[in-house]
Amino acid sequence: MVEEIMKNLYKLEIPLPGSPLKSINSYVLKNSKRTLIIDTGMNRTVCRETMQAGLKELGVDLSKTDFFVTHLHADHFGLVATLATDGSTVYFNEPDAERMHFSVWEEMISFAGRNGFPQDELQAALHNHPGYKYGPQKELPLTLLKDGDTLSIGDYTLRCVQTPGHTQGHMCLYEPSEKILFSGDHILIDITPNIQLWSDQENPLSAYLSSLDKVHQLDIGLTLPGHRRLITDCKTRIEELKLHHQDRADEALVIVQKAARNAYQVASQMTWDIACDNWEQFPVQQKWFATGEALAHLKYLEEKSLIQKEIRDTGTFYSV
């Protein structure tokens, strides 16, 4: 479905079958010289066919089209290698580009195992992960952008705003004259961006909260997110997201105050908006995402010296 947002700016809704996200918003900035597509969908037939139908309706020539991808997750990045032509420029961020290699998956699996994720479910979690299943099947040259860089498409001048948190290099685009923000998965309206931790070297929740404060300073009239509805009151939504993560952190803190627990155990006792009666009924992929989010909040609490981490022979545990 093609929706006109404003002059020469369109939204394509690309389906994500089997995903709680339901679909991704891909944005098309159309110009007679060059067109820019922001985010693409997964490397799946239904995504490709829906995208191609929308671009055909808009009369977009892919040989004169460039791409900007907000971050490395497959629902945003997966299809770009299929759509890009020899004449396309694919804009991306450097931190996420550095993580695009297979060994990252093995590192994540190892880290999850040390934090309590059951060994007999690890391979199922990997092979059911959308990033593993539906990422691009070939490498392509990337043009790396940094915070403050600009892209000009017709009447639009887009400024890169680095917003780490959802991923290490997540990047939004801000158009100051129109007061619009392409927010990717940094700010969503009726769901909260998943903030996960899969490395001892990161503190993604702290980075995410700082990125929210950074965007709060911008004069934004309309936010164009990667999923669900458009956002007309960005500042209020930012405050809601900050409160959500504070509540999440408080919940994790209460859990480890009772007894030392690993991240998988903490996740099993946290509150999740999933249609299951208990943790055992969670699909393995939802257990993976929940554990990653629990880890992000535990790391945040640890860095604030509210809890402590203990490395045991049986894995990593958290307590007060």
Side-chain angles (χ1 to χ4, degrees), residues 1-14 23-41 43 47-71 75-94 96-97 136 140-163 170-187 215 218-227 229-232 234:
M1 183 179 71
V2 178
E3 177 184 348
E4 185 174 10
I5 305 298
M6 55 182 62
K7 183 181 179 182
N8 296 324
L9 170 57
Y10 304 89
K11 177 170 75 74
L12 304 183
E13 191 171 329
I14 310 299
S23 63
I24 179 175
N25 298 327
S26 179
Y27 298 98
V28 180
L29 287 160
K30 189 180 176 186
N31 183 258
S32 59
K33 295 181 179 179
R34 302 293 298 180
T35 291
L36 182 70
I37 296 176
I38 301 172
D39 291 336
T40 63
N43 184 26
C47 296
R48 185 184 72 250
E49 291 178 347
T50 304
M51 173 68 78
Q52 289 174 336
L55 296 179
K56 182 178 180 180
E57 182 178 337
L58 290 173
V60 171
D61 182 352
L62 282 174
S63 69
K64 298 179 180 179
T65 297
D66 300 319
F67 299 84
F68 176 91
V69 184
T70 56
H71 62 291
D75 53 333
H76 296 254
F77 192 86
L79 194 59
V80 67
T82 301
L83 298 172
T85 66
D86 291 341
S88 298
T89 299
V90 179
Y91 298 103
F92 201 50
N93 68 80
E94 187 170 2
D96 282 357
L140 71 166
L142 301 173
T143 298
L144 302 181
L145 298 174
K146 292 181 169 54
D147 189 58
D149 287 347
T150 59
L151 295 173
S152 294
I153 305 294
D155 295 331
Y156 296 96
T157 300
L158 307 168
R159 189 172 86 220
C160 297
V161 183
Q162 198 93 48
T163 51
H170 190 288
M171 184 174 279
C172 301
L173 290 175
Y174 175 57
E175 217 296 346
S177 63
E178 297 291 343
K179 300 182 182 180
I180 56 177
L181 178 77
F182 297 90
S183 68
D185 281 0
H186 181 55
I187 301 172
V215 170
L218 301 176
D219 185 7
I220 300 169
L222 181 66
T223 300
L224 308 180
H227 305 278
R229 296 180 289 112
L230 306 188
I231 303 168
T232 55
C234 186

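Positions are given from 1, in the same order as the sequence printed here. What you are looking at is a predicted structure, and each value in this text was computed from that prediction instead of being measured. Side-chain atoms are counted along with the backbone in the values below, which use heavy atoms only and exclude waters and symmetry mates.
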Quiz item: For the residue pair N93 and H170, what are the closest heavy atoms and their distance?
Solution: ND2-N, 4.2 Å

Exercise. Using modelled atom types only, decide if a donor and an acceptor are shared between the side chain of N43 and the backbone of P136 within a distance under 3.5 Å.
Key: no

Would you give me the side-chain donor-acceptor pairs under 3.5 Å for residues 2-13, sequence neighbours excluded?
from : atom 1 : to  : atom 2 : distance (Å)
E3   : OE1    : K11 : NZ     : 3.4
E13  : OE2    : S23 : OG     : 3.3

Quiz item: For C234 and I220, which heavy atoms make the closest approach, and how far apart are they?
Solution: SG-CD1, 4.0 Å

Quiz item: Out of curiosity, D75 CG to I14 CD1, how far, rounded to the nearest 0.5 Å?
Solution: 11.5 Å

Practice problem: Would you please say whether a donor-acceptor pair under 3.5 Å links the side chains of D185 and H227? | Solution: yes

Quiz prompt | Straight-line distance of R159 CZ to L218 CG, nearest 0.5 Å | solution = 6.0 Å

Exercise. Just jot down the side chain to side chain contact (heavy atoms under 4.5 Å, CB included) partners of R48, sequence neighbours excluded, or say none.
Key: T45, Q52, L79, T82

Quiz item: For D219, what residues pass the side chain to side chain contact (heavy atoms under 4.5 Å, CB included) criterion, not counting sequence neighbours?
Solution: Y174, K179

Exercise. Quick one: closest heavy-atom pair of M51 and L83, and the distance?
Key: CG-CD1, 3.7 Å

Quiz item: Where the side chain of Y27 meets the backbone of L36, is there a donor-acceptor pair that is under 3.5 Å apart?
Solution: no

Quiz item: Which value, rounded to the nearest 0.5 Å, describes the distance between L62 atom CG and D86 atom CG?
Solution: 12.0 Å

Quiz item: Atom CG of L181 and atom CD of E175: how far apart are they, to the nearest 0.5 Å?
Solution: 11.0 Å

Quiz item: What do the steps show when you test L158 against L29 for side chain to side chain contact (heavy atoms under 4.5 Å, CB included), and what is the final call?
Solution: CA-CA 11 Å; L158 307 168; L29 287 160; 3.6 Å; yes

Self-check item: Test item: S88 side-chain N/O and T65 main-chain N/O as donor-acceptor pair under 3.5 Å
Solution: yes

Self-check item: Worked verdict on V69 versus D96 for side chain to side chain contact (heavy atoms under 4.5 Å, CB included)
Solution: CA-CA 10 Å; V69 184; D96 282 357; over 6 Å; no

Quiz item: So do L230 and P225 actually touch side chain to side chain, heavy atoms under 4.5 Å?
Solution: yes

Exercise. Fit a plane to each ring of F77 and F92, take the angle between them on a 0 to 90° scale, and name the class: parallel (under 30°), tilted (30 to 60°) or perpendicular (over 60°).
Key: tilted

Quiz item: Are the side chain of D147 and the backbone N or O of Q162 linked by a donor-acceptor pair below 3.5 Å?
Solution: yes

Quiz item: Could you state the interatomic distance from CG (L222) to OG1 (T232), rounded to the nearest 0.5 Å?
Solution: 7.5 Å

Exercise. Please assess T223 against I180 for the test side chain to side chain contact (heavy atoms under 4.5 Å, CB included), listing each intermediate value before the final yes or no.
Key: CA-CA 6 Å; T223 300; I180 56 177; over 6 Å; no

Practice problem: Let me see the working for C160 and T150 under side chain to side chain contact (heavy atoms under 4.5 Å, CB included), right down to the final yes or no. | Solution: CA-CA 6 Å; C160 297; T150 59; over 6 Å; no

Practice problem: State, to 0.1 Å, how close F67 and A84 come at their nearest heavy-atom pair, and which atoms those are. | Solution: CE1-CA, 3.6 Å

Quiz prompt | Minimum-distance pair of heavy atoms, taken over all atoms of C172 and H186 | solution = SG-CB, 3.9 Å

Quiz item: Distance from F182 atom CZ to I38 atom CD1, nearest 0.5 Å?
Solution: 4.0 Å

Exercise. Check whether any side-chain heavy atom of I37 lies under 4.5 Å from a side-chain heavy atom of S26, and answer yes or no.
Key: yes

Quiz item: Is the side chain of D149 donor-acceptor paired with the backbone N or O of K146 at a distance under 3.5 Å, no angle test?
Solution: yes

